[in-house]
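What follows is a set of notes on a single structure, which appears directly below.
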Amino acid sequence: MEPEEASAHEDAGSRLMLRVERPVYDEEFLRTQLLHRKQNSTSFRQNLADKFRCSSERAKAVALSFLPILTWLPSYPVKQYLFSDVISGLSTGVVQLPQGLAYALLAAVPPVYGLYSSFYPVLLYTFFGTSRHVSIGTFAVVSLMIGGAVVREVPDNMFIGPANVSNSSLVDKDLNLSPIDAMRVQVAVVLTTMVGIIQFALGLLRFGFVAIYLTEPLVRGFTTAAAVHVVISQLKYLLGVKTPRFSGPLSAVYSVHAVLSKITETNIPSLLLGLTCTVFLYGVKVLNEHFKKKLPVPIPGEIIVVILSTGVSYGIPLKSHNVSVVGQIPSGLRAPAVPDFSLALNLIPDAIAVAIVGFSMSISLSKTFALKHGYSVDGNQELIALGLCNFLSSFFHTFAITCSMSRSLVQESTGGKTQIAGLLSSLVVLLVVLAIGFIFEPLPQVREVVTTALAAIIIVNLVGMFKQFRDIPPLWRTSKIELAIWLVSFVASVLLGLDYGLLAAIAFAILTVIYRTQSPKSSILGHVTNTGLYYDVNTYEEASEYEGIKIFHSNSSIYFANSDRYVNKLKEKTGVNPEELQAARKAKRKQKKKENEEQNSSIKICAKHKDESEVATPEVATPEVVPQRQEMQEVRNGELEDKHGEPTSEEAVFLEPLGSVHSIILDWTAVNFIDSVGAKAIKQVIKEYASVDVRVVIAGCNRTVLDQLNTLQFFSEELSTNVVFPSVHDAVLHCQCSSSRPPAVSSEA
């Protein structure tokens with residue numbers, strides 16, 4: 001073996017040059033001469049002991065990982081960050097109050113539970129969360145999913161007469177809840193407990209990577225559909241009509257039909273109040289966006305609407321116009337209670353869906369802010385944090401939470417630096433719950449479901465989600481498959497409901513992955529002169545093929561779902577089909593046999609004619625006479641063979657190769673894995689090509705795939721490792737050398 005020598009130099013005005021001189025390597029040589037595996041002296045028992053070994057450093061690392069607040073609070077720069085966090089926290093808290101009330105009613109529970117859900121989880125996230133800018137609390141999508149499950153389990157007609165509610169300790173008697181409200185609160189609370197358990201367990205099992213299956217087009221299509229559901233659910237409250245609440249597949253269609261069927265019963269005062277609040281809030285949002293660089297803090301449109309509607313309620317007897325009010329918002333916090341787990345069995349699918357959606361919304365927004373501000377978030381710790389927030393808070397009568405896009409943008413745009421801003425926003429909510437909740441009692445409401453003013457707040461806060469329809473034109477131009485995921489996620493979630501729609505969207509996204517691996521792009525590569533580089537000959541003019549060599553590239557792994565397609569594409573792209581060559585060989589053999597029979601018959605006839613006519617000049621021979629033996633040189637598809645035998649022999653069927661291709665190189669640089677079905681398909685195709693004298697070799701195979709081939713017993717005495725080459729160029733040089741042909745030998749009579 002010649003010593004390998006690499007040199008790189010840069011001359012003035014020239015590019016950096018690379019020169020490597022080495023022999024052509026194959027896998028057999030690499031294994032025996034060049035590469036030697038390291039010996040692993042550590043046993044499995046030692047590895048297990050090291051993994052569970054306890055030390056002060058490891059205990060400290062675990063504590064810091066579990067409680068991220070310990071990593072940043074001791075070094076918190078008070079002078080630089082505190083003022084910004086205070087302003088941000090107060091601004092976010094002011095927005096969180098009306099949203100908590102509104103989203104609680106969206107979840108089909110009384111408004112006060114939205115305040116509880118805006119306090120306990122936010123307080124806990126300060127200690128366990130890793131994102132500095134997200135605002136944890138109630139969110140429209142999650143609240144709507146909870147409301148769908150709650151209404152399904154406790155429909156409006158469940159309690160027609162007096163009823164007893166089990167586990168009445170869960171709901172404080174001071175709230176004076178109706179039996180249906182009490183039961184719905186129990187369902188929402190136990191659902192939240194299950195969501196927390198699922199998220200916490202996934203975090204401990206390091207399942208933070210599950211968010212990758214919720215691709216961005218899927219999430220954006222899903223949240224847009226959720227916004228449609230939310231708006232449809234608020235139409236009856238803006239119009240002041242009474243319709244039943246639907247859940248399950250086609251619930252959106254049924255809800256729209258129910259509202260339209262009663263549109264003649266529209267309550268004019270509710271409609272005017274709702275439209276006024278909606279126009280005002282939208283105008284405030286536009287002003288905040290237009291002057292966000294000049295305003296020290298955003299204009300708190302939501303709290304202004306709450307105050308104005310409260311003033312209108314004080315000055316005008318709204319009940320006389322069939323516009324009722326929120327009613328009692330008790331001061332103080334409720335005592336903790338254990339959820340009623342007898343309701344849990346039917347809620348398992350809903351808990352899984354809410355847990356996944358809540359985490360995906362949180363981690364996507366957290367990563368966005370982390371990338372913008374130059375820090376990192378831990379997906380597994382975020383799962384643990386959300387799980388603890390939901391699980392522990394559920395004992396204090398909260399429903400499931402995640403981060404809110406609108407509040408997070410407020411918290412970030414007003415200068416929030418750390419989780420202290422979120423802590424202060426929760427204290428604002430606590431102040432309302434403990435002292436001044438009575439201010440919100442006159443807030444306009446239609447029965448106990450959702451208020452007209454809060455409906456306007458909900459709808460205007462969803463404007464950002466409806467802007468996601470702008471994703472469609474760019475996706476059409478860039479990726480049709482991602483556009484299909486967006487549309488399927490949206491349509492399925494609107495028609496089937498958020499739970500089944502999410503499952504359908506995930507299933508479709510997985511199918512697109514299978515489709516991409518089943519239908520990879522394949523091409524024939526050619527070399528660029530004097531570079532050692534190989535590119536698609538149909539794409540680049542500079543790429544040209546070597547004579548007699550086909551280099552096949554497919555940008556996918558090879559497994560049971562695409563192995564047949566891989567083989568078919570290989571035969572199609574190279575233009576070399578072993579079955580067709582075999583058929584051609586049989587046809588030539590048959591034709592040759594027929595010609596030999598005719599030649600033998602002609603020789604006999606000529607010999608008889610000579611004897612009868614007694615020709616005097618023996619030098620003259622009939623044209624049909626062919627020498628019985630001659631020295632021939634037969635070249636079969638690039639392999640040189642010397643044949644000395646009878647031309648009538650069946651073994652000497654070909655006087656020239658069947659095809660011009662003598663070697664096929666499989667470029668496996670894009671192959672990440674191969675299974676047993678794929679290995680069998682490749683082994684079979686190598687044998688098929690060998691039967692027609694076409695050599696097949698593999699190039700660019702990584703070590704992981706080689707280990708898989710060894711495990712699958714791909715290599716044998718018939719198919720050794722010398723058919724595998726570390727690069728395409730090694731394989732090309734080997735095929736050129738093996739197929740070189742000497743000059744043809746002339747035949748003599």
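Note that the structure is predicted; figures quoted are calculated from it, not measured.
- No hydrogens or angles considered: a donor-acceptor pair under 3.5 Å links the side chains of Asn562 and Ser556.
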Val377/Ile363 under side-chain contact (heavy atoms from CB on, under 4.5 Å): CA gap, chis, key distance, verdict | CA-CA 8 Å; Val377 292; Ile363 195 64; 4.3 Å; yes

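- Here the closest non-hydrogen pair linking Asn672 and Asn702 is CA-ND2, 4.4 Å.
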Go through the steps to decide whether Tyr534 and Asp667 satisfy the test side-chain contact (heavy atoms from CB on, under 4.5 Å), and finish with yes or no.
-> CA-CA 10 Å; Tyr534 295 84; Asp667 179 14; over 6 Å; no

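- Note that CD of Gln199 is 10.5 Å distant from CD of Glu382, once rounded to the nearest 0.5 Å.
- Ser663 places no side-chain N or O within donor-acceptor distance of the main-chain N or O of Arg695, the cut-off being under 3.5 Å.
- Only one option out of Val488, Asp471, Leu475, Thr478 pairs with Leu483 in a side chain to side chain contact (heavy atoms under 4.5 Å, CB included); it is Leu475.
- In this structure, Phe222 and Leu498 approach most closely via the heavy-atom pair CE1-O, 3.3 Å.
- Side chain of Ser519 to backbone of Arg516: no donor-acceptor contact under 3.5 angstrom is found.
- Every pair passing salt bridge (Lys or Arg N to Asp or Glu O under 4.0 Å) that includes a residue from residues 705-722 is listed here, sequence neighbours excluded: Arg37-Asp707.
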Which side-chain N or O atoms in residues 521-530 pair as donor and acceptor under 3.5 Å with protein atoms at least two apart or in another chain?
residue: His527; atom: ND1; partner: Ser544; partner atom: O; Å: 2.8

Going through the distances and angles, do Leu706 and Glu27 end up as a side-chain contact (heavy atoms from CB on, under 4.5 Å)?
-> CA-CA 9 Å; Leu706 281 170; Glu27 181 61 24; 3.4 Å; yes

